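Read through the structure below, which is laid out as structure tokens, and then see the notes.
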Amino acid sequence: MSSIEVTLVPSDTLLRALRVMERYRVCLLPVVGEAGGLVGLISKAHILSAWGVDPLLPVSLVMAACGRPRGECLGAP
């Protein structure tokens, strides 16, 4: 059995993340730091919630904003 390891780095944009998700047909991607360790996860819902703000935002900014209490995520009214 083979597996494809698909990851993002914190500086990747929402646009790149969405393209990777569509290419590999996944809705959740790990985000890894320089040493290759997991720094978080980003979901398609996170990406779409911030898409209207700017598709070129780095995933790290969206992950930080979505870690706030409900309703305070980027793109929330």
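Positions are given from 1 along the sequence. The structure presented is a predicted model; accordingly, all values stated were derived computationally and were not measured.
Among all heavy-atom pairs drawn from G33 and V39, the shortest one is N-CG1, 3.8 Å. Of all the heavy atoms in P30 and L38, the pair that sits closest is CB-CD1, 3.7 Å.
With rounding to the nearest 0.5 Å, the separation of CD1 in I42 from CG in L14 is 6.0 Å. Here CZ of R23 is found 9.0 Å from CZ of R16. Values are rounded to the nearest 0.5 Å. Within the model, atoms OG of S49 and NZ of K44 stand 13.5 Å from one another, a figure rounded to the nearest 0.5 Å. One finds the OG atom of S11 at 12.5 Å from the CG atom of L61 (value rounded to the nearest 0.5 Å).
Under a cut-off of 6.0 angstrom, the local environment of CD in E34 is sparse, with at most 12 non-hydrogen atoms contributed by other residues, nucleotides or ligands.
Connection of Y24 to L28 is not established within any shared hydrophobic cluster, with ILVMFWY side chains joined at heavy-atom distances below 4.5 Å, either directly or through further cluster members. Linking ILVMFWY residues whenever their side-chain heavy atoms come closer than 4.5 Å, directly or via other members, places V31 and L56 in the same cluster. A single hydrophobic cluster is not seen to contain both V32 and I47; linkage of ILVMFWY side chains at heavy-atom distances under 4.5 Å, directly or through other members, places them apart. L41 and M63 are assigned to two separate hydrophobic clusters, defined by single-linkage of ILVMFWY side chains at heavy-atom distances under 4.5 Å. Linking ILVMFWY residues whenever their side-chain heavy atoms come closer than 4.5 Å, directly or via other members, places L8 and V26 in the same cluster.
If you run side-chain contact (heavy atoms from CB on, under 4.5 Å) between L29 and each of L18, D12, V59, V20, only V20 comes through.
Using modelled atom types and a 3.5 Å distance limit, the side chains of H46 and S43 yield a donor-acceptor pair.
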